[in-house]
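Everything below concerns the one structure shown next.
Heavy atoms only: backbone and side chains are in, while hydrogens, waters and symmetry mates are out.
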Amino acid sequence: MARTARTKPERPVATGESAPNPVWFKPVMFGFMLLGLVWIIVFYVSQSQLPIPDLGSWNILIGFGIMFIGFLMTTRWR
């Protein structure tokens with residue numbers, strides 16, 4: 001009696017757009033959003049003495065910019 005070898009069915013390989021995100025993606029994404037929020041909060045609580053006093057109100061733009069990077073990353077989250 002001849003035996004036939006059983007093989008596992010092949011799983012489709014995730015490539016390109018359907019590939020899942022790396023493990024580090026989600027913590028970095030939320031990290032950017034939280035860092036931007038903390039930047040703005042520190043600016044207001046310190047009465048514009050921190051994080052970088054020479055920038056003045058530009059600190060708000062920097063905080064929103066950091067948060068925006070995190071929000072842009074959400075468009076690539078799978």
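Under the 4.5 Å side-chain heavy-atom criterion for grouping Ile, Leu, Val, Met, Phe, Trp and Tyr, Leu37 is connected to Leu61 within one hydrophobic cluster. Placement of Phe25 and Leu35 within a single hydrophobic cluster is found when ILVMFWY residues are connected by side-chain heavy-atom separations under 4.5 Å, directly or transitively. Under the 4.5 Å side-chain contact rule for hydrophobic residues, Phe43 and Ile52 share a cluster.
Note: Met33 CE to Thr74 OG1 = 6.0 Å, rounded to the nearest 0.5 Å. We find the CG-CE distance between Leu34 and Met67 to be 10.0 Å, quoted to the nearest 0.5 Å. For the atom pair CG of Leu55 and CD1 of Ile60, the computed distance is 11.5 Å after rounding to the nearest 0.5 Å.
Under the side chain to side chain donor-acceptor pair (under 3.5 Å) criterion, the residue pairs touching residues 53-67 are Trp39-Asn59, with sequence neighbours excluded. Each side chain to side chain donor-acceptor pair (under 3.5 Å) pair with one or both residues in residues 24-33, not counting sequence neighbours, would appear here, but there are none. Note on residues 59-78: pairs passing ring pair (Phe, Tyr, Trp, His ring centres under 6.0 Å), not counting sequence neighbours, are Phe30-Trp77. Listed by first and then second residue, the side chain to side chain donor-acceptor pair (under 3.5 Å) pairs involving residues 40-53 amount to none (not counting sequence neighbours).
Other members of the cluster containing Leu50 are Val38, Val42, with ILVMFWY side chains joined at under 4.5 Å, either directly or via other members.
Here the closest heavy-atom approach between residue Asn21 and residue Arg76 is recorded as ND2-O, 3.1 Å.
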